[in-house]
**Q** 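Here you go, one structure.
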Amino acid sequence: MSRSLRIVERAVYLGPSIYAHEPVIRLDLDPGDLREWLSGRLGPDFAEALLAALPGLATHGDFAQHLRAGDGLPLSEVLQHMALAVQAMAGEDVRFGATLLGEDAPPGLDRVVYAYTQREEGLAAGELALRLLTSLLPAPLRGDAAPDDGWSWDTARVDYILYAQRRALGPSTAALVAAAQARGIPWLRLDTHSLIQFGHGRYQQRIQATLTGRTPHLAVELASDKEATNHLLAGLGLPVPQQRLVTTLEGAVRAARALGGPVVTKPYNGNHGRGISIDLSTPEEIAAGFEAAREHARSVIVETYIAGDDHRLLVVDGALIAATRRTPGHVVGDGMADIAELVDRVNADPRRGIGHEKVLTHLELDEQADAMLERVGYGHFSVPAAGEVVYLRATANLSTGGTATDVTDLIHPDNRDMAVRAVRAIGLDVAGVDFISPDIARSHREVGGAICEVNAAPGLRMHVAPSEGRPRDAAGPVLDMLFPPGTPSRVPIAALTGTNGKTTTVRMLAHIAKMAGHVPGMTSTDGVYIDGQRTVEGDMTGPLAARMVLGDPQIDIALLETARGGLLRAGLGVPEVDVGAVLNVAADHLGARGVDTLAQLARVKRIVVEVARDCAVLNADDALVLRMSAYTQARNVCYVTTNPAHALVRAHIRAGGRACALEDGVNGQMITLYDKGAHLPLLWTHLIPATLEGRATHNVSNAMFAAAMAFALGLRLEAIRQGLRTFDTTFFQSPGRLNLFEEHPFKVLMDYAHNAHAAATMTDLARRMDVDGRRIVVLSAPGDRRDTDIDAVARAVAGQFDHYILRRDDALRGRGDDEVPQRLARALRAAGVDAEAIELIPDEQQAVDAALRMGRPGDLVLIFADQLSRTWKQITKFRAEGSAAPSPVQRTTHAQDDEGTPDALPEGVVQDARGLVFRRETD
């Protein structure tokens, strides 16, 4: 059996990625035996059948022409266009797509990328497109992917539209989102329904459909209580029908008799027109109406029937925004066609679709329609007279096939004021007033009419897309109420990436922001931090963590460490950032997820620069990063360099550009900012604790990036200085990054370095430190790195230490128990390290213990750690045989347990907010 086209891998990108700056889905396709079958070879019937099934493809530029022409298009490219058209069929506005073939795709596969609006809907679109494509192939080519017997495109199309609509934003929510986007207000979907957050952090406002976070709960309850609403409005002199609340059929009949004339029955707390029956006179009609209402509520309201047209009056923030006349679903006879045929004609209107798919909804000949027909003595095959209007619904809701006509410009001022007074009386900020009137253009005082209901969470569909008349911006006033012009909706966002230094830099930046009086939200490799407190533990450098920070109602600035893995797996978590920084690009994780070269890795990390709005902060000393300046649309580019003679940076500064440079002076090296011709000396590097008096050159670089980003975010220079002067590398403030412990007779330096570049940096620091004795290193490399990467780690430290203890991580990641230390040993020996200086202890805890026991006064033990809390605890609690417990002294961090909770401090010892431990002086 032949192998047909099939999907072998899927990926969903939540934000900017290497494929697009909008959310996209990626499908990796195995073309099977169809690789050489272009669309032209399948004959004209294939193209015509495809265009008939998905007419929207005709709008895809010259796609239809290429589909039919000569050889035609690869079937993977056809599928990409189909996935977009399937989503558009359900009402989604998605346009971007790309097909990668040959060298641009994984070996033996084709790669298809297309935009989506809702995740599940987008994935289902790709599946359905593949099934439709397969069904249109000649039978011999369908192979193992032939659709099941009885599969029907017409049925599958309807099923997909209904499936999509259950997951898509409703019309009202979608209108509010569109209004927010038009105003530049960011938004996040918080559930699978209609709960939306507009704005970021402390500026956020939430809505659910048209209920807002400011809508009083009591007002919603009151609006839901139709009897209480009626009494309240009547007490204010507003026109309302007379009502009775009943719980039995006998009570309903008595209430109708007491009210006199036709009545309406409706559920006590119903909505969307469900269970409402109108113009009831006979006991039989009242009984049917009562039972219909009881399906939705235990109590039923019986009220006087008010003749006239049904109007929905939308009031937002104390002002009438739109007025719409609603007409129940109906057909108009021509004297020849029967009811069923007339319904088909109505549904043939291209404006009608399934559910909320289009402006209007299909009419259905269901039980409700049958009941309406029965009242006038008609059935499905009755033929109404020419011009006769036959109603199929008792209420005018658009969702049941009704139509809407805008009458905003016609409404009489008295009716306008009446609606506003009613909504104020209930206390709603957004409300829909259902008003029956024979003529909306005339005052209710003159022609009568009545308010039937005041609705919380009114639908906006009838106003933004009426069947007739002028569409109204019903959503805009809601957004203007939540975010009055001039008020903020965004928090500043900075994203930084790079191979090494990300975590330290983002921690420095968060500390600076806090010193400046902000409440920062930070993502990093060890968790999400809100105002300095870790709220979620784990590697949180992907898009979900970014959204977690932006959704927190406390934060007023977002600082996002962004890792390669998250960008490749799901994209960036935000569509744009204010400041985007790339620290460096070095070999790490190469050979994973299709990234095999440094140039490809740079392409991934460049994403944060591409979406930066205000400033791109770039390492001018890294050629791969320097080239990224050509890909940013940011208003400013800030170069960071430790080379004061950098020719390009000098030219950039002289042209008024922004830079952060390291300059030599009599007192050492000064971090200096340049901007628009201004020369701004910031801080001597030896005054920054994290640099170990300037010896830790990598932290000098990290401090420069933190300063440049803080300056780009508009933070005060004094706050930047204070932040850098009070940020150190204690385990409390920067776990796993340059943690120095000096309470033993020897020094212990712990770091998370896990690639050759980071290992070389820490080795350079170890050589710069004053060491009277030996230098000992505990070394490892992650098991999921390539053999060449593990060898490079060994070469980075070779010849620089007196003794090497080689271990593995707890997680083997596909390697054997001692495979990594054995490989490191071979690489060290190949680099000239004496075999006598190499010791293999695979277990991390045993390796660390051996290194600590080896330490003698004056030695330096450098530990490349994996399990940070455990290893730091092991270091701080280590006691050499026969030694007494050391006394706490200045400049050390107290031990923490595996959960990060400090152990009890000895009597007389105190710890400050930075994690520094001091002995309290006593008399």
**Q** Going from CG on L852 to CD1 on I863, what distance comes out if it is rounded to the nearest 0.5 angstrom?
**A**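 Output value for this atom pair is 5.0 Å.
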**Q** Report yes or no: does Q867 contribute a side-chain atom to a donor-acceptor pair with the main-chain N or O of D810 at less than 3.5 Å?
**A**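 Between the backbone of D810 and the side chain of Q867 there is no qualifying donor-acceptor contact (under 3.5 Å).
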**Q** After noting the C-alpha distance and the side-chain angles of N699 and I688, does the key distance pass the side chain to side chain contact (heavy atoms under 4.5 Å, CB included) rule?
**A** CA-CA 9 Å; N699 266 358; I688 303 173; over 6 Å; no
**Q** Report the relative orientation of the aromatic rings in F731 and W872; use parallel for angles under 30°, tilted for 30 to 60°, perpendicular for over 60°.
**A**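 Because their plane-to-plane angle is under 30°, the rings of F731 and W872 count as parallel.
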**Q** Any side-chain heavy atom of L568 sitting closer than 4.5 Å to one from V595?
**A**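 Touching, per the 4.5 Å side-chain cut-off.
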**Q** Side chains of R807 and V848, heavy atoms from C-beta outward: is any pair under 4.5 Å?
**A**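 In short, these two side chains do not touch, never coming nearer than 4.5 Å.
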**Q** Is the shortest side-chain heavy-atom distance between L812 and R808 below 4.5 Å?
**A**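 L812 vs R808: side chains touch.
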**Q** Do side-chain atoms of D622 reach the backbone of V585 as a donor and acceptor pair under 3.5 angstrom?
**A**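 At least one qualifying donor-acceptor pair exists.
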**Q** Please find the pair of heavy atoms, one from A712 and one from V579, that lie closest to each other, and give the distance.
**A**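 Minimum heavy-atom separation between A712 and V579: CB-CG2, 3.7 Å.
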**Q** Please determine whether side chain to side chain contact (heavy atoms under 4.5 Å, CB included) holds for the pair D849 and F878, giving the CA-CA distance in whole Å, both sets of side-chain angles, and the decisive distance to 0.1 Å.
**A** CA-CA 8 Å; D849 184 69; F878 172 75; 4.3 Å; yes
**Q** Would you mind checking if D526 and R507 are paired as a salt bridge, meaning a charged N to carboxylate O distance below 4.0 Å?
**A**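 Yes, this pair counts.
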**Q** What is the distance from atom CE of M704 to atom CG of L662, rounded to the nearest 0.5 Å?
**A**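 Interatomic distance, M704 CE to L662 CG, rounded to 0.5 Å: 5.0 Å.
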**Q** D772: what forms a side chain to side chain donor-acceptor pair (under 3.5 Å) with it, not counting sequence neighbours?
**A**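 For D772 there are no side chain to side chain donor-acceptor pair (under 3.5 Å) partners, ignoring immediate neighbours.
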**Q** When you check the side-chain N and O atoms of N643 and T641, is any donor under 3.5 Å from an acceptor?
**A**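 No.
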**Q** For A708, does its backbone N or O pair with a side-chain atom of R658 as donor and acceptor, under 3.5 Å?
**A**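 Checked: no pair found.
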**Q** Is there a donor-acceptor pair closer than 3.5 Å between any side-chain N or O of K877 and the backbone N or O of K873?
**A**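 No, because the side chain of K877 does not come within donor-acceptor range (under 3.5 Å) of the backbone of K873.
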**Q** Quick check: closest heavy atoms across G521 and I530, and the distance to 0.1 Å?
**A**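 Taking every non-hydrogen atom into account, CA-CD1, 4.0 Å.
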**Q** Under 3.5 Å, is there a donor-acceptor pair between the side chain of D818 and the main chain of P821?
**A**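 Not at all, since once roles are kept as given, no pair shorter than 3.5 Å links the two residues.
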**Q** Would a 4.5 Å heavy-atom cut-off, applied to side chains only, mark I671 and T685 as touching?
**A**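 Contact flag for I671/T685 side chains = yes.
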**Q** Is a donor on one side and an acceptor on the other found under 3.5 Å between the side chain of Q874 and the backbone of Q845?
**A**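 Checked: pair present.
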**Q** Please find the pair of heavy atoms, one from M508 and one from A706, that lie closest to each other, and give the distance.
**A**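 Here M508 and A706 meet closest at CB-CB, 3.7 Å.
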**Q** Does any N or O in the side chain of N584 come within less than 3.5 Å of the main-chain N or O of T499, such that one atom is a donor and the other an acceptor?
**A**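 Here the side-chain-to-backbone pair exists.
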**Q** Taking everything shown except Q600 itself, do over 12 heavy atoms lie less than 6.0 Å from its CD?
**A**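 Enclosed.
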**Q** Any side-chain heavy-atom pair from H646 and H652 closer than 4.5 angstrom?
**A**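 A side-chain contact under 4.5 Å is absent here.
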**Q** Return the CG to CD distance between L109 and E9, rounded to the nearest 0.5 Å.
**A**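 The CG atom of L109 sits 8.5 Å away from the CD atom of E9.
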**Q** Sub-3.5 Å donor-acceptor pair from the side chain of D834 to the main-chain atoms of E836, do we have one?
**A**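 Yes; judged by distance alone, with no hydrogens or angles, the pair exists.
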**Q** For E663, does the CD atom sit with more than 12 other heavy atoms under 6.0 Å from it, leaving out its own atoms?
**A**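 It does: E663 CD has more than 12 such atoms within range.
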**Q** Taking D770 first and then R695, would you say they form a salt bridge - that is, a charged N and a carboxylate O separated by under 4.0 Å?
**A**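 Judged by the 4.0 Å cut-off on N to carboxylate O distance, D770 and R695 do form a salt bridge.
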**Q** Can we say R774 and D859 salt-bridge, meaning some charged N sits less than 4.0 Å from an Asp/Glu carboxylate O?
**A**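 Salt bridge flag = yes for D859 with R774.
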**Q** For the pair H686 and W684, name the ring-plane relationship: parallel under 30°, tilted 30 to 60°, perpendicular over 60°.
**A**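 Parallel, since the angle between the ring planes stays under 30°.
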**Q** What verdict does the side chain to side chain donor-acceptor pair (under 3.5 Å) test give for D621 and T642, after you've listed the backbone C-alpha separation in whole Å, the side-chain angles of each residue and the deciding distance to 0.1 Å?
**A** CA-CA 7 Å; D621 300 333; T642 59; 3.2 Å; yes
**Q** Mind checking the OG1-NE2 spacing from T876 to H744? Nearest 0.5 Å is all I need.
**A**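 That separation rounds to 7.0 Å.
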**Q** Can you confirm whether S629 sits close enough to Y639 that some side-chain heavy atom of one is under 4.5 Å from a side-chain heavy atom of the other?
**A**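 In contact.
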**Q** If you measure from CD on E693 to CG on L687, what distance do you get to the nearest 0.5 Å?
**A**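 The distance works out to 9.5 Å.
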**Q** I'd like to know if E610 and R603 make a salt bridge, using a cut-off of under 4.0 Å between side-chain N and carboxylate O.
**A**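 R603 and E610: salt-bridged.
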**Q** With rounding to the nearest 0.5 Å, note down the distance linking CE in M540 to CE in M522.
**A**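 M540 CE to M522 CE: 11.5 Å, rounded to 0.5 Å.
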**Q** Salt bridge check, D104 against R111: does any charged N sit closer than 4.0 Å to a carboxylate O?
**A**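 Not counted as a salt bridge, because no side-chain N and carboxylate O are separated by less than 4.0 Å.
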**Q** Begin from the C-alpha positions of I790 and L824 and carry the test side chain to side chain contact (heavy atoms under 4.5 Å, CB included) through to its verdict.
**A** CA-CA 7 Å; I790 296 175; L824 289 168; 3.7 Å; yes
**Q** Given the rule in the side chain to side chain donor-acceptor pair (under 3.5 Å) test, do T730 and D728 qualify, once you have shown the distances and angles that lead to the verdict?
**A** CA-CA 6 Å; T730 60; D728 55 34; 2.9 Å; yes
**Q** Is it the case that the side chain of Y529 and the backbone of A510 share a donor-acceptor pair, with hydrogens and angles ignored and the cut-off at 3.5 Å?
**A**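 No; judged by distance alone, with no hydrogens or angles, the pair does not exist.
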**Q** Does G527 offer a backbone N or O that forms a donor-acceptor pair with the side chain of R534 under 3.5 Å?
**A**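 No, R534 side chain to G527 backbone: no donor-acceptor pair under 3.5 Å.
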**Q** For H698, run the side-chain contact (heavy atoms from CB on, under 4.5 Å) check against L765, T691, N500, L583 and tell me which one passes.
**A**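 When L765, T691, N500, L583 are each tested with H698, the side-chain contact (heavy atoms from CB on, under 4.5 Å) holds only for L765.
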**Q** Closest approach of V582 and V625, non-hydrogen atoms and distance?
**A**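 Nearest pair, atom of V582 first, then V625: O-CG1, 3.5 Å.
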**Q** Salt bridge check, D791 against R785: does any charged N sit closer than 4.0 Å to a carboxylate O?
**A**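 Answer for the salt bridge query: no.
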**Q** Considering non-hydrogen atoms only, spot the tightest contact between A794 and L779 and give its length.
**A**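 That would be CA-CD2, 4.3 Å.
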**Q** Are the side chains of L862 and F801 in contact, using a 4.5 Å heavy-atom criterion?
**A**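 Yes, their side chains come closer than 4.5 Å.
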**Q** A side-chain contact here means heavy atoms from C-beta on lying under 4.5 Å apart; do F741 and M750 qualify?
**A**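 Counting from C-beta outward, F741 and M750 never come under 4.5 Å.
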**Q** Can you see which heavy atom on V771 is nearest to which on A766, and at what distance?
**A**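 Of all heavy-atom pairs spanning V771 and A766, the closest is CG2-O, 4.4 Å.
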**Q** Under the side chain to side chain contact (heavy atoms under 4.5 Å, CB included) criterion, do T497 and R564 qualify, and how do the steps go?
**A** CA-CA 8 Å; T497 189; R564 170 208 63 91; 5.9 Å; no
